[in-house]
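First the structure, in the form of structure tokens, and then the observations on it.
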Number of protein chains: 2
Amino acid sequence: MNQALNVDELLLRPQDRIRRSAQHLFLKQGYTATTTRQIAEHSGENLALLNYYFGSKERLFAQIMMENLAVFMDGMKTAFNDDKTALEEKVTLFVNRYIDLLALQPDLPLFIFSSLRTNPLKLSQKVGARDVFLKSHFTTQYNAAVKDGSISELPIMHFVMNLVGMTVFPFVARPMLEAVGNLAPNTFDKMMQERRALIPVWIEALMNVQL
Amino acid sequence: MNQALNVDELLLRPQDRIRRSAQHLFLKQGYTATTTRQIAEHSGENLALLNYYFGSKERLFAQIMMENLAVFMDGMKTAFNDDKTALEEKVTLFVNRYIDLLALQPDLPLFIFSSLRTNPLKLSQKVGARDVFLKSHFTTQYNAAVKDGSISELPIMHFVMNLVGMTVFPFVARPMLEAVGNLAPNTFDKMMQERRALIPVWIEALMNVQL
DNA sequence: GTCTATAACGTGATAGAC
DNA sequence: GTCTATCACGTTATAGAC
């Protein structure tokens, strides 16, 4: 009974263990600060298998990077493309989905933004990202609401900056926020739970501000 | 007249040129991705001088890091500690100051947040950061305004998350925002200029939201 | 597929001449 | 103070045995 491995662990192939360790280390430390030796040791696999399965460190990173970008984008996709929900419901869906995701993967946003800065995506991949948002049901609804005057006139990108900023930014700036606010260990997580209810109310207020 | 160096450049000592190049490269690439050889070459100085003047790459980085953290914090300090201005004016000061700063140094926030994640500051330095905010005139004003009911009741850290999120976050997420919004090259900068006037109005609306 | 051993190179740092 | 030359080591990647 001192068997530490569970069924999942036993079923994992070497390439999956390597991928999982790469995911963990790249997100925590970034590309250059993570060595192939660290990944091999952390995964319990042989160093040479990394190149056998993935070709190179760079190709392994690209795979991890794209998987995570897809996960990050998927939060937008599912919240913004349901054509049965109203604008306000989509905002609530978005906020809850991202706070769920980032509670489990708090390093995800900083990893994505850092990686995008040094390693900008090719146009083809950007186009995917663009369609997820600009061609979403959300965008259609938003622009229609502006036009019929039910919300104030404001370019949708300002709206997105506010929504994503209020939801995602705290996870990026967490150490600084905890320092300047002298927050106790659990306080940050509690505040993010409070923000599930707060952000939608704030966003609605912003949509009605007279500019 | 084909002399490219100006007076400033001529007056710079070797240690200053190294520091300046380190500043440039560390902010763009981060600690591990920047080599001492890159810094030496970029500065036009000899590689050995880096260790002669700064002891090690790590000590050079610590110096750059603390200078930049001080610059970043100073934006908060000056905006929040003038005891002659009202709450709303302090918000406007804060927004303008950070948009000015980050227009010149767009990589600063990502550098700070990445560095703080992997290299958390010691308590003594955090205490400095804490006092800058928690003991500021702004905090006193805010808490008084909550108490007398002139703004809605909300822990000040939620307020800060919103203010800093709306102002600083776009610079962190810029590549992603440009991709999802399909923004033309100059559009981002124009939007940030628009936000100088928008954010204070939004913040005031948030302060009056009934929760 | 998996391993050991090693190649080929880049890194931070320093000894020692000037 | 400034330079060249070099050390000692860690890095990614691969050849070749099993």
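As the structure is a computational prediction, the values presented were derived from the model and not from experiment. Sequence lines set the chain letters: A, B, ... in the order given, protein chains first and strands last, and positions in each chain run from 1.
The CZ-P distance, from F61(B) to dG12(C), rounds to 13 Å in whole Å. Between the CD atom of Q38(B) and the P atom of dA13(C) there is a distance of 15 Å, given to the nearest Å. If you take CD of E58(A) and P of dT11(D), they are 17 Å apart, rounded to a whole angstrom. The distance from atom CG of L47(A) to atom C1' of dG10(D) is 12 Å, rounded to the nearest whole Å. Distance I18(A) CD1 to dT12(D) P: 14 Å, rounded to the nearest Å. Here the P atom of nucleotide dA15(D) and the OH atom of Y52(A) are 14 Å apart, to the nearest Å. Protein atom OH of Y53(A) is 17 Å distant from nucleotide atom C1' of dT14(D), rounded to whole Å. If you measure from atom CZ of R59(A) to atom P of dT12(D), you get 17 Å, rounded to the nearest angstrom.
Between D82(A) and K90(A), none of the side-chain N atoms (NZ, or NE/NH1/NH2) sits under 4.0 Å from a carboxylate O, so this pair counts as no salt bridge. For R19(A) and D16(A), the salt-bridge test passes: some basic side-chain N is under 4.0 Å from an acidic carboxylate O.
Listed candidates were dA13(D), dG12(C), dT14(D). Nearest to the side chain of A48(A) is dT14(D). Of the candidate nucleotides dT14(D), dA15(C), dA13(C), dT14(D) has the atom lying nearest to any side-chain atom of N51(A). You'll find that the side chain of L49(A) is closest to dT2(C), out of dC3(D), dT2(C), dA15(D). The nucleotide whose nearest atom lies closest to any side-chain atom of K57(A) is, among dA13(D), dG1(D), dT4(D), dA13(D).
In this structure, T34(A) reaches the sugar-phosphate backbone alone: every heavy-atom distance under 4.0 Å involves primed, P, OP1 or OP2 atoms, never a base.
Using bins of under 30°, 30° to 60° and over 60° for the plane-to-plane angle, the ring pair F171(B)/F188(B) lands in the perpendicular bin. Using cut-offs of 30° and 60° on the angle between ring planes, the pair F80(B) and F138(B) is parallel.
For F72(A) and Y98(A), the ring centers are positioned less than 6.0 Å apart.
Between its opening and closing five pairs, the helix from dG1(C)-dC18(D) to dC18(C)-dG1(D) changes axis direction by 10°, a value rounded to 10 degrees.
Taking only distance into account, the side chain of R37(B) meets the base of dG12(C) through a donor-acceptor pair shorter than 3.5 Å.
Taking for each of L50(A) and N46(B) the nucleotide of DNA chain D with the nearest heavy atom, the 5'-most of the two is the partner of N46(B). Along DNA chain D, the nucleotide nearest to T36(A) and the one nearest to E45(B) differ in position, and the one closer to the 5' end is contacted by E45(B).
Counting non-hydrogen atoms of other residues, nucleotides and ligands closer than 6.0 Å to CD of E41(A) gives a total of 12 or fewer.
Of all heavy-atom pairs spanning R174(B) and P185(B), the tightest one is NH2-O, 4.0 Å.
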